[in-house]
Every structure is written in structure tokens, then in C-alpha cells.
Protein chains: 2
Amino acid sequence: MSLASEGIVQESGTAAGGAGIAVRQKLRIATVNVNGIRAAYKRGMEAWLAERDVDILCLQEVRAPDAIVRELLGDGWHILHAEAEAKGRAGVAIASRTAPVATRDHIGDDYFVTSGRWVEADFEIPSDGGTKTLTVVSAYVHSGQVDSPKQVDKYRFLDVMGNRLTELKTTKDYALVVGDLNVGHTTLDIKNWKGNVKKSGFLPEERAYFDRFFGDEHGWRDVHRSLAGEVAGPYTWWSWRGQAFDNDAGWRIDYHMATPELAAVASDAVVDRAETYDARFSDHAPLVVDYRF
Amino acid sequence: MSLASEGIVQESGTAAGGAGIAVRQKLRIATVNVNGIRAAYKRGMEAWLAERDVDILCLQEVRAPDAIVRELLGDGWHILHAEAEAKGRAGVAIASRTAPVATRDHIGDDYFVTSGRWVEADFEIPSDGGTKTLTVVSAYVHSGQVDSPKQVDKYRFLDVMGNRLTELKTTKDYALVVGDLNVGHTTLDIKNWKGNVKKSGFLPEERAYFDRFFGDEHGWRDVHRSLAGEVAGPYTWWSWRGQAFDNDAGWRIDYHMATPELAAVASDAVVDRAETYDARFSDHAPLVVDYRF
DNA sequence: CATGGTAAG
DNA sequence: CTTATCATG
């Protein structure tokens with residue numbers, strides 16, 4: 001079934017909102033690195049989700065078998081879950097209130113097939129009487145470590161991701177890549193950026209990928225930055241260590257990357273920093289954006 | 001320094017207790033498998049120890065590096081600690097208020113040298129103007145599993161232990177072997193013994209070792225059983241699973257094994273089943289006995 | 001400083 | 001069902 005047929009919220013263009021005069025429909029898309037969905041549920045993720053009325057939920061670091069993910073999320077979701085081959089590691093998912101019309105569970109030809117770091121789901125969006133395709137990706141880039149094989153894998157993944165970004169942008173009506181990309185793009189994205197210029201996550205070579213992704217070469221849009229403006233933060237990840245969270249000594253490494261046509265209909269980007277919710281259920285905060293078609 | 005010179009509790013034989021007329025001294029010896037001393041301290045072991053006024057504390061399954069054991073127990077103890085070679089595994093210790101005059105950290109020639117399952121400490125006991133030697137052993141027998149190499153190791157350990165029991169009994173004035181011996185001797189020692197006759201811990205072949213240890217062949221005494229009488233229990237271990245503790249579905253696998261001369265001065269054997277204390281800090285309960293010289 | 005898997009109990 | 005360690009984040 002398509003989004004159009006399964007009850008996407010219809011908003012009216014006027015106050016009265018007469019029946020059938022639907023003008024725009026809102027699609028709320030959230031991404032969050034849950035750092036183990038079992039731990040996240042123990043810490044109150046369910047309450048957050050119940051309150052937030054999300055249409056498409058993108059998860060990273062699920063770190064649980066598929067059966068457990070389905071049991072925890074409960075009924076009412078179409079769940080696409082790419083587990084990592086290594087048990088308890090990585091794992092990305094897209095849970096949607098309506099069924100995707102197509103799905104893909106990896107990028108690249110071979111190396112990243114079982115890494116649990118990339119899933120794609122295509123949704124049908126009603127448009128002027130017809131439909132358009134929205135591709136949503138839940139991505140989890142390697143965390144990296146300077147002078148280690150992890151860093152080599154990270155660059156290799158970013159290379160393959162760049163290729164896929166080009167394909168998505170040229171073949172899909174709307175495309176959105178969300179997730180934990182494990183790189184801060186600019187000095188606005190890390191509270192203590194000066195102390196991290198030689199650390200994986202803020203290396204010049206890593207940041208250059210994002211210059212290309214968000215620059216003329218690829219032409220994607222950084223939705224959260226566009227809506228938040230050129231200010232420091234808001235961050236999406238804080239170390240568990242010390243008082244990083246209380247001091248807001250964070251990193252913005254979770255993104256909504258949208259093609260321009262999609263970015264144009266984005267609004268209300270919010271980092272759910274768990275002050276309005278009961279608990280901090282992960283070291284990452286959810287990043288929630290509404291798209292109106 | 002010997003016990004005699006470091007302030008063992010002197011008890012008087014009469015109500016008045018005139019100075020210098022010390023008749024008997026009490027030595028309180030406790031054994032407990034702590035199942036990780038760090039976890040035990042988090043669960044309230046310190047409160048138990050503070051309340052119990054123990055002179056010699058024998059520990060099994062310490063499962064922590066020596067520095068941590070010393071930090072947790074704090075000042076005022078002489079600590080003898082045999083770590084296992086494998087980190088976080090086994091480990092036995094004897095903590096005493098007075099210093100031992102000699103110590104040994106294993107049994108056998110080679111195989112069990114780094115297993116962290118046997119420590120011996122010799123203490124001097126004043127006796128008729130002179131001194132006698134009390135050897136205290138903290139022992140941790142393998143837990144075993146039928147048809148596995150663990151069971152082979154368990155029998156091998158019990159064999160070597162039997163040899164050492166003979167040596168101790170013939171060479172020491174008083175000898176006491178305490179600890180988690182991981183075998184229930186008789187049907188009184190396991191609540192559900194019928195369901196466990198084929199399980200490691202209550203195998204006929206294992207029980208036969210204890211028939212010999214406590215029979216004419218070795219001639220040791222089961223202090224706790226002697227004082228408790230021929231009744232079911234009291235048990236010293238309960239599985240964490242289910243309601244085993246609440247239902248008192250336990251095993252008596254922790255012992256005070258004493259040479260006859262020592263057993264003759266034993267009194268007040270108590271299993272600290274954690275109803276009188278704040279918390280159950282281990283799956284084993286401490287077994288505390290007073291010896292009066 | 002947290003996650004889950006693991007071996008061991 | 002709990003322990004500590006491990007690799008990973």
C-alpha cells in the first residue's frame with residue numbers, strides 16, 4: 001500500500017478544512033541512533049515515541065535481533081531492518097506507518113553488504129493527482145579512529161555513500177538520507193571543535209566529504225542546519241562520560257540530508273534533547289523534521 | 001605478629017572478668033563466596049561485615065584484581081589473595097585482623113597453581129603459656145558439569161585436596177578448611193536432592209569424597225552439620241533464577257571442615273541468610289562460626 | 001561511560 | 001539470572 005492510501009495526515013489549506021479539500025499532507029520523519037534498542041526501551045524510548053507521532057522512524061545502532069525489534073516497536077509499523085552479520089553490532093532500520101513500495105538493505109557491491117549500516121525504503125507520495133517517489137535512507141557511518149583499519153573502512157563507506165547519493169539524486173523524485181554520519185561538518189557542529197581537529201569525526205579529510213555532499217558537486221541540503229541557521233549546535237550526540245550532556249558539550253553528527261526539492265518542503269526541525277521527555281534514552285538525541293507535500 | 005600479640009578478644013571465665021584472668025579467646029571465622037567482590041559491595045556486603053565483627057574472613061570467587069580487593073576491604077586487614085590467572089575468574093582470599101605467620105597460595109605441584117582456588121594461612125594461637133598453630137584454608141572447588149572437562153578438573157582438584165587434607169591433619173595443631181566446595185554431602189544438604197542426583201554437585205562419586213573426608217579415612221569434622229544437627233539445611237547457596245531464595249530451595253555447599261580438636265571448640269555456627277541484614281549481597285550466604293581457645 | 005555477546009557460575 | 005571481560009562506540 002502507498003502512503004496515499006493508508007491515511008497520511010491530511011491538512012487543509014483553510015481554517016474550515018472541508019472534506020476532500022486536502023491541500024498538504026505532513027510526513028514527520030525522525031532519526032535516532034538508539035545505541036541498543038533494548039537499552040533505549042528500558043530508558044523510556046517508548047514514551048518518547050508515543051508522544052511524538054512519527055510517520056517514519058529511522059534507527060541506527062539497533063543492536064538486536066529482528067524479532068526483538070518487532071516485539072519492542074509493537075504493532076502498527078512496517079519494519080525494514082538490516083542487521084549486521086556480527087551479533088549485537090550496528091544494525092539500521094526504517095519503521096513506517098505505511099508500507100514502502102520498494103526496499104534495499106545495503107550499499108556497494110560486496111564489502112558493506114552485511115554491515116548493517118544502510119537501508120533504503122521507497123514511499124509513494126500523492127502529487128497533483130499522480131504520485132511521486134520519496135526514498136528514505138537510514139544510514140550509520142563507521143565511528144572511525146585515526147590510524148586504524150576502522151578509519152580506512154570509514155573512508156571507504158563515505159566513498160560508496162557518495163556514489164549512492166549521486167544515483168539517488170538523479171533517479172528519485174525526492175530523496176532523504178538520515179542517520180548517524182559520525183562526522184561534524186563545520187565548526188558550528190562541535191562544541192569543542194578546536195580540541196577535536198585531529199580526532200576522527202572532525203578530520204579535515206572527513207569534513208571535505210560533507211563539503212562535497214552539501215556543495216555544488218552533489219547538491220544535497222543539510223536540512224537541520226538550514227532551518228537552525230548559522231549558530232553553534234544544536235548538537236545530537238553527547239558522550240556518556242563526565243558532564244558532557246549537562247554542559248551541552250556535544251557533537252552534531254546526525255543529519256537529515258535532503259535533495260533540494262525535498263528540503264524546500266521541510267519545517268520544524270527539532271532535536272529532542274530529552275528535557276521535555278522523561279529520560280535520555282540514548283547518547284544520541286532524535287532529530288525530527290516535518291515534510292509537507 | 002601473632003594473634004596472641006595483636007588483640008584477640010579475651011573472654012573471662014567468670015562474670016567479673018578480672019584483669020589478666022583471660023580464660024578463653026574467641027576467634028570468629030566467616031566464609032563466603034562473594035560472586036564478585038565488587039558486585040557484593042554494591043549490594044551491601046560492607047554493612048554485613050561492619051556488623052558481624054569477624055576476625056578471619058575467607059572469600060571465594062573474588063573475581064577482582066588485588067588492588068581493588070584491598071581498596072574495598074579497607075584498612076585494618078591483613079589480606080592474602082590468590083588471584084586466578086584468568087582475569088575476572090575465581091580468586092580466593094583470607095583477610096585477617098591479625099597477621100598470619102606463614103601463607104601458601106595453592107595446592108598441588110603444577111596444575112592448580114594459578115587457578116585461584118586455594119590459600120592457606122597459619123596463625124599462632126596462645127595455648128597454656130605457649131602457642132599452637134591454626135591453619136586456615138579458603139577453598140573454592142570447581143562447579144563442574146557432567147560429561148565435560150570441568151568435571152574432570154573437579155575430580156582432579158578433589159583428589160589433590162584429599163592429599164592436602166591428610167597433610168594438614170597430620171602436621172598442624174589445628175586445621176580448618178572453609179569455602180565453597182561445590183558438593184552437597186548428604187540428602188539433608190539439598191532441598192530438591194531427588195532432582196539433582198545426576199547433576200554435578202550431588203553426584204554419588206562426588207559425595208563419596210565427602211564420605212571419606214568426614215569419615216574414618218580422613219577424620220575431619222563437618223562443623224556446620226555437627227552444630228545444626230541432622231536436619232534439612234540450613235542451605236548456603238540459592239540460584240538467582242526464579243524464586244529459589246524466597247522458597248529456600250537451596251544447597252549447602254559451603255563448609256567449615258575442621259580437625260577434631262578444632263571442631264571441639266566450635267560454637268554458634270550461623271548462616272547469615274540476609275534476613276537480618278539489609279541485602280542479599282551474593283548468591284551464597286556467609287557461614288560464620290566461633291572458635292574458642 | 002555505556003552497549004551487547006560471551007564464558008562461566 | 002548474575003558475574004566480569006571484551007570489542008565497540
Side-chain angles (χ1 to χ4, degrees), chain A residues 33-43 45 59-65 68-69 83-91 115-117 140-145 148-151 153-154 180-182 199-201 237-246 249 251 253-254 279-284, chain B residues 33-43 45 60-65 68-69 83-91 115-117 140-145 148-151 153-154 180 182 199-201 237-246 249 251 253-254 279-284:
Chain A
N33 176 319
V34 292
N35 191 25
I37 195 170
R38 280 171 286 201
Y41 263 72
K42 279 186 201 155
R43 293 165 170 273
M45 176 173 167
L59 305 175
Q60 301 89 41
E61 278 207 271
V62 169
R63 302 180 65 176
I68 288 175
V69 174
E83 287 185 64
E85 193 170 31
K87 277 194 286 186
R89 299 279 162 78
S115 66
R117 294 183 178 276
Y140 175 45
V141 175
H142 303 66
S143 64
Q145 189 174 92
S148 87
K150 297 167 196 247
Q151 196 63 26
D153 276 357
K154 186 172 185 175
D180 175 4
L181 306 185
N182 263 318
K199 296 273 183 65
S200 183
W237 176 82
W238 306 263
S239 171
W240 290 114
R241 292 170 227 199
Q243 304 307 115
F245 186 77
D246 292 340
W251 297 47
I253 53 182
D254 300 88
R280 182 187 176 203
F281 60 80
S282 169
D283 50 349
H284 293 252
Chain B
N33 176 319
V34 291
N35 191 24
I37 194 169
R38 281 170 286 201
Y41 264 72
K42 279 186 201 151
R43 292 165 171 274
M45 175 173 169
Q60 301 89 41
E61 279 207 270
V62 169
R63 302 180 67 177
I68 288 176
V69 174
E83 286 183 65
E85 194 170 31
K87 278 195 285 186
R89 301 277 163 77
S115 65
R117 294 183 177 277
Y140 175 45
V141 175
H142 302 66
S143 66
Q145 188 172 94
S148 88
K150 297 167 195 250
Q151 196 62 27
D153 276 357
K154 185 171 185 176
D180 175 4
N182 262 319
K199 295 272 182 70
S200 183
W237 176 82
W238 306 262
S239 170
W240 290 115
R241 293 170 227 198
Q243 304 307 113
F245 186 77
D246 292 340
W251 297 48
I253 53 183
D254 300 88
R280 182 186 177 203
F281 61 81
S282 170
D283 50 349
H284 293 252

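Numbers restart at 1 for each chain; the letters A, B, ... are given by sequence-line order, proteins then strands. None of the values given here were measured: they were computed from a predicted structure.
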Minimum-distance nucleotide (side-chain atoms of W240(A) versus dT6(C), dA2(C), dG9(C)): dA2(C)
Classify the nucleic acid contact of [X] as base, sugar-phosphate or nothing, counting any heavy atom under 4.0 Å across all strands shown.
X	answer
Q145(A)	nothing
F245(A)	nothing
D283(A)	nothing

Exercise: do H284(A) and D254(A) side chains pair donor with acceptor under 3.5 Å: yes
Covered region of DNA chain D, 5' end to 3' end, by chain B [heavy atoms, under 4.0 Å]: dC1(D) to dC6(D)
Rounded to whole Å, please give me the gap between [atom1] in [X] and [atom2] in [N].
X	N	atom1	atom2	value
R280(A)	dT3(C)	CZ	C1'	13 Å
N33(A)	dA2(C)	CG	P	16 Å
I68(A)	dG5(C)	CD1	C1'	12 Å
E83(A)	dG5(C)	CD	C1'	14 Å
N35(B)	dA8(C)	CG	C1'	10 Å
K42(A)	dA2(C)	NZ	C1'	12 Å
K199(B)	dG9(C)	NZ	P	16 Å
R89(B)	dT6(C)	CZ	P	14 Å

Pairwise 5' ranking along DNA chain C for G36(A) and R241(B), keeping only the more 5' one: G36(A)
Validation row: H142(A), K150(A) side chains within 4.5 angstrom (heavy atoms): no
Any side-chain heavy-atom pair of N35(B) and W240(B) under 4.5 Å: yes
Donor-acceptor pair, side chain of E61(A) and main chain of A90(A), under 3.5 angstrom: no
Side-chain donor/acceptor of R63(B) to backbone N/O of R38(B), under 3.5 Å: no
Distance below 4.0 Å between R43(A) side-chain N/O and dT3(C) OP1 or OP2: yes
Rounded distance [0.5 Å steps], CG in D180(A) versus CG in L59(A): 12.0 Å
ring-ring contact (aromatic ring centres under 6.0 Å, His included) partners for F281(A), two or more places apart: W48(A)
Position toward the 5' end of DNA chain D (nearest nucleotide), V62(B) or H284(A): V62(B)
